[in-house]
Enquirer: 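I am attaching a structure below and will ask some questions about it afterwards.
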Amino acid sequence: SCLSNNFLAYLITWMSNLHRRINHTSCQTRNMDASRALFFFFALTALWSGMSAYEYQTIGMSGNANQTLALQDAGYISWTTNNSNYDNDQDIRVFFEAPVGKRILLVFQDINIEGDENCEFDQLLVYEGRVITDHFLAFPQSYVCGTSYDDFASTNNVITIRLKSNAVNNGHFKILSTVFAPPSNGPSCTSGECMCSNGRCINETLKGDGVNNC
């Protein structure tokens, strides 16, 4: 997540140049360059595997109506922990809470929620804060349906996710959640965090795991 794209680009360029050099040099030099490439490959593999140890857990909304669930540094939100389809005739709210001072990023990775452009059938609604009942001041920041939706970043540490489904054509959703600190004026994040290119600070254990948590 926080691995520099410039560093990766440098490695790709270096390997490409080395490949061309190997093809245009003597046998002795070629063997030396091949050995260097092999060493670099194993060193990079070890470095990458050392940065990819974070284990993502899945939180299921089913059975947790009106409950407040604590979010880890990153994980997934689905209907069940094994990502099964949601049930028909549902109207359920679950509150998700990050530590005080943090915010929550939602990436809708895999969704298939019945609905037209106005989300008139099934809906996944995302609210800022803890919204227990409907009232004129409670309106969702995101109406999610269909098969894709833009990322959502909260402005505080608590959000409400509400699923409303009708009597037919159930679907599924898998949402990547990441707890982050908002961009600051400083040049770096606090200890134990790494900074994304957009200035968000996430836990450094998410670094280089192949998942975009930024």
Side-chain angles (χ1 to χ4, degrees), residues 1 54-100 102-180 182 196 198 200 202-203 206 209-214:
S1 294
Y54 190 83
E55 183 177 353
Y56 288 76
Q57 303 291 331
T58 299
I59 296 176
M61 290 180 57
S62 178
N64 284 309
N66 299 317
Q67 299 297 309
T68 298
L69 306 180
L71 290 177
Q72 303 300 319
D73 297 311
Y76 294 102
I77 299 170
S78 186
W79 178 243
T80 64
T81 55
N82 60 356
N83 301 310
S84 62
N85 284 359
Y86 58 77
D87 299 325
N88 293 327
D89 293 321
Q90 297 294 307
D91 189 353
I92 178 175
R93 303 167 193 253
V94 180
F95 315 116
F96 295 92
E97 185 173 22
V100 175
K102 303 290 187 178
R103 298 180 184 178
I104 301 168
L105 172 67
L106 301 180
V107 178
F108 300 91
Q109 284 194 337
D110 180 18
I111 62 172
N112 187 3
I113 299 174
E114 180 193 14
D116 57 11
E117 60 183 9
N118 297 316
C119 295
E120 293 183 351
F121 303 113
D122 295 351
Q123 302 175 333
L124 197 66
L125 310 176
V126 183
Y127 302 80
E128 291 275 9
R130 187 176 281 101
V131 179
I132 300 175
T133 59
D134 291 328
H135 54 85
F136 73 98
L137 292 178
F139 56 90
Q141 276 64 47
S142 296
Y143 290 85
V144 182
C145 65
T147 57
S148 64
Y149 198 81
D150 293 337
D151 300 347
F152 168 85
S154 71
T155 59
N156 58 59
N157 69 312
V158 179
I159 62 172
T160 300
I161 298 181
R162 178 184 184 187
L163 174 69
K164 296 176 64 178
S165 62
N166 60 16
V168 294
N169 297 331
N170 57 9
H172 66 266
F173 57 91
K174 183 179 181 181
I175 307 169
L176 171 66
S177 67
T178 302
V179 173
F180 71 94
C196 301
N198 57 16
R200 292 172 180 160
I202 62 175
N203 192 290
L206 304 174
D209 64 355
V211 178
N212 185 0
N213 299 100
C214 293

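Given the structure is predicted, the values throughout are model-derived calculations rather than measurements.
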Enquirer: Any idea which heavy atoms bring N88 and A167 closest together, and the distance?
Expert: ND2-O, 3.3 Å

Enquirer: To the nearest 0.5 Å, what is the distance between OG (S142) and CG (D150)?
Expert: 8.5 Å

Enquirer: Quick one: closest heavy-atom pair of T58 and T80, and the distance?
Expert: CG2-O, 3.8 Å

Enquirer: Looking only at side chains, do Y54 and N203 share a donor and an acceptor under 3.5 Å apart?
Expert: no

Enquirer: To the nearest 0.5 Å, how far apart are CD1 in I111 and CD1 in I175?
Expert: 8.0 Å

Enquirer: Just how far is it from atom CD1 of I161 to atom CZ of F95, taken to the nearest 0.5 Å?
Expert: 11.5 Å

Enquirer: Pair L206, Y56 - check side chain to side chain contact (heavy atoms under 4.5 Å, CB included), show working.
Expert: CA-CA 10 Å; L206 304 174; Y56 288 76; 3.7 Å; yes

Enquirer: Checking side-chain polar atoms at under 3.5 Å, does N83 have a donor or acceptor matched by the opposite partner on Y76?
Expert: no

Enquirer: Report the relative orientation of the aromatic rings in F173 and Y86; use parallel for angles under 30°, tilted for 30 to 60°, perpendicular for over 60°.
Expert: tilted

Enquirer: Heavy atoms, side chains only, cut-off 4.5 Å: are L71 and I59 in contact?
Expert: yes

Enquirer: If you take all heavy atoms of I77 and S177, which pair is closest and at what distance?
Expert: CD1-CB, 4.1 Å

Enquirer: Between OH of Y149 and OH of Y143, what distance do you get to the nearest 0.5 Å?
Expert: 9.5 Å

Enquirer: Tell me whether D209 contacts the main-chain N or O of V211 through its side chain, where contact means a donor paired with an acceptor under 3.5 Å.
Expert: yes

Enquirer: Kindly indicate, with the supporting measurements, whether the criterion side chain to side chain contact (heavy atoms under 4.5 Å, CB included) is fulfilled by L105 and R200.
Expert: CA-CA 10 Å; L105 172 67; R200 292 172 180 160; 3.7 Å; yes

Enquirer: As a quick check of understanding, evaluate side chain to side chain contact (heavy atoms under 4.5 Å, CB included) for L106 and I159, giving each step before the final call.
Expert: CA-CA 10 Å; L106 301 180; I159 62 172; 3.8 Å; yes

Enquirer: Taking all non-hydrogen atoms of both residues, which atom of L176 and which atom of N212 are closest, and how far apart?
Expert: CD2-O, 3.8 Å

Enquirer: Is N157 reaching over with its side chain to a backbone N or O of A98, donor-acceptor style, under 3.5 angstrom?
Expert: yes

Enquirer: Any chance you could measure E128, atom CD, to I104, atom CD1, to the nearest 0.5 Å?
Expert: 8.5 Å

Enquirer: Got more than 12 heavy atoms from elsewhere within 6.0 Å of CD, Q72?
Expert: no

Enquirer: Between R93 and I132, is any pair of side-chain heavy atoms under 4.5 Å apart?
Expert: no

Enquirer: Rounded to the nearest 0.5 Å, how far apart are CD1 of I92 and CG of L163?
Expert: 7.5 Å

Enquirer: Do the side chain of R130 and the main chain of V158 share a donor and acceptor less than 3.5 angstrom apart?
Expert: no

Enquirer: Would you mind reporting whether I113 and Q123 have side-chain heavy atoms less than 4.5 Å apart?
Expert: no

Enquirer: Under the side chain to side chain contact (heavy atoms under 4.5 Å, CB included) rule, what do E114 and N166 come out as? Steps first, then yes or no, please.
Expert: CA-CA 9 Å; E114 180 193 14; N166 60 16; 3.3 Å; yes

Enquirer: Main chain of Q90, side chain of S165: is a donor-acceptor contact present, judged purely on distance under 3.5 Å?
Expert: yes

Enquirer: Indicate the atoms forming the closest heavy-atom contact of N156 with S154, along with that distance.
Expert: O-OG, 2.7 Å

Enquirer: When you measure from the side chain of S78 to the backbone N and O of K174, does any donor-acceptor pair fall under 3.5 Å?
Expert: no

